K.L.:
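I'd like to ask you about the structure that follows.
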Amino acid sequence: MKVDTANMRDVYYSPDAVQKDDLLSQVDNIHEGRTAEDLLFQVLLDWGVDLSLPISKETIAGKTVYFVDEDALAACFDQGVSEDLVKEIAARHPMRVVFRDNGFASDAVKINVEQIFKLLSPETDVKSI
């Protein structure tokens, strides 16, 4: 492991400084070249999760999902996250779950994530980065 710059892009713009042509460049808030493991370890550090806990990697619905300490955290940073994947993760009742903010297959999936977890796993803390 090594210490590097943050995984997230600096987005400190005032509304007056943003031009219409710049909006599409703001869609992805993560620096290019960052891996899912980079994002996972940032989340672990941000949430104060012990880095020595066991981490497993599974493929669910064609996407890579990381599980930390079995159910302490579930994380998926792939693109194209579907409702089926969200439901499968929710069925495992993790304490926390995190997704990439622009990783959802559609806006509808992104909107429905919290509702799916409220129905299937209401105790789960849902975040996106």
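What you see is a predicted model; the values in this text were computed from it and never measured. The first residue in the sequence is number 1, and the count goes up from there.
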K.L.:
Looking only at heavy atoms, what is the nearest atom pair of E88 and A61, with distance?
P.N.:
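Nearest heavy atoms, E88 then A61: OE2-CB, 4.4 Å.
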
K.L.:
With hydrophobic residues grouped by side-chain heavy-atom distances under 4.5 Å, do W47 and F41 end up in a single group?
P.N.:
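In one cluster: yes.
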
K.L.:
Going by the rule side chain to side chain donor-acceptor pair (under 3.5 Å), which residues pair with S52 if we only count those two or more places apart in sequence or in a different chain?
P.N.:
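D50.
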
K.L.:
Have a look at L44 and tell me which of V98, V49, L39, L53 forms a side chain to side chain contact (heavy atoms under 4.5 Å, CB included) with it.
P.N.:
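Passing option: V49.
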
K.L.:
Just how far is it from atom OG1 of T59 to atom CG of D78, taken to the nearest 0.5 Å?
P.N.:
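Interatomic distance, T59 OG1 to D78 CG, rounded to 0.5 Å: 8.5 Å.
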
K.L.:
Per the ring-ring contact (aromatic ring centres under 6.0 Å, His included) rule, what does the pair list look like for residues 71-91, sequence neighbours excluded?
P.N.:
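Sorted pair list comes back empty.
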
K.L.:
Hey, is the main chain of V43 close enough, under 3.5 Å, to the side chain of D46 for a donor-acceptor pair?
P.N.:
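Not a single qualifying donor-acceptor pair exists.
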
K.L.:
Among all residues two or more places apart in sequence or in another chain, which pass the side chain to side chain donor-acceptor pair (under 3.5 Å) test with E58?
P.N.:
R92

K.L.:
Give, for atom CD1 of I89 and atom CG of L120, the distance between the pair rounded to the nearest 0.5 Å.
P.N.:
12.0 Å

K.L.:
Verify the cluster assignment for I55 and L45: are they in a single hydrophobic cluster under the rule of side-chain heavy atoms below 4.5 Å apart?
P.N.:
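Looking at the clustering, L45 is in the same group as I55.
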
K.L.:
D84: which residues meet the side chain to side chain donor-acceptor pair (under 3.5 Å) condition with it, sequence neighbours left out?
P.N.:
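Scan of D84 (side chain to side chain donor-acceptor pair (under 3.5 Å), adjacent residues dropped) gives none.
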
K.L.:
For residues 122-129, dump all side-chain donor-acceptor pairs below 3.5 Å to protein atoms at least two apart in sequence or in another chain.
P.N.:
residue: E123; atom: OE2; partner: H93; partner atom: ND1; Å: 3.2
residue: E123; atom: OE2; partner: S121; partner atom: OG; Å: 3.1
residue: T124; atom: OG1; partner: P94; partner atom: O; Å: 2.5
residue: T124; atom: OG1; partner: S121; partner atom: O; Å: 3.4
residue: T124; atom: OG1; partner: S121; partner atom: OG; Å: 2.5
residue: S128; atom: OG; partner: D101; partner atom: OD1; Å: 3.2

K.L.:
Identify each donor-acceptor pair in which a side-chain atom of residues 62-70 lies under 3.5 Å from a protein atom, sequence neighbours left out, and give them as a table.
P.N.:
residue: K63; atom: NZ; partner: Q79; partner atom: O; Å: 2.9
residue: Y66; atom: OH; partner: E37; partner atom: OE2; Å: 2.8

K.L.:
Taking side chain to side chain donor-acceptor pair (under 3.5 Å) as the definition, give me every residue that meets it alongside D107, ordered by chain and number, with sequence neighbours left out.
P.N.:
none

K.L.:
Taking the side chain as C-beta and beyond, is there a heavy-atom pair between D38 and T35 under 4.5 Å?
P.N.:
yes

K.L.:
What about L40 and L51, same hydrophobic cluster or not, with Ile/Leu/Val/Met/Phe/Trp/Tyr joined at side-chain heavy-atom distances under 4.5 Å?
P.N.:
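They do share one cluster, since a chain of ILVMFWY contacts under 4.5 Å joins L40 to L51.
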
K.L.:
Considering all heavy atoms of both residues, which atom of V81 and which atom of L85 are nearest to each other, and what is their separation?
P.N.:
CG1-CD2, 3.8 Å

K.L.:
Pairs in or reaching into residues 100-129: which pass ring-ring contact (aromatic ring centres under 6.0 Å, His included), with residues at least two apart or in two chains?
P.N.:
F99-F104

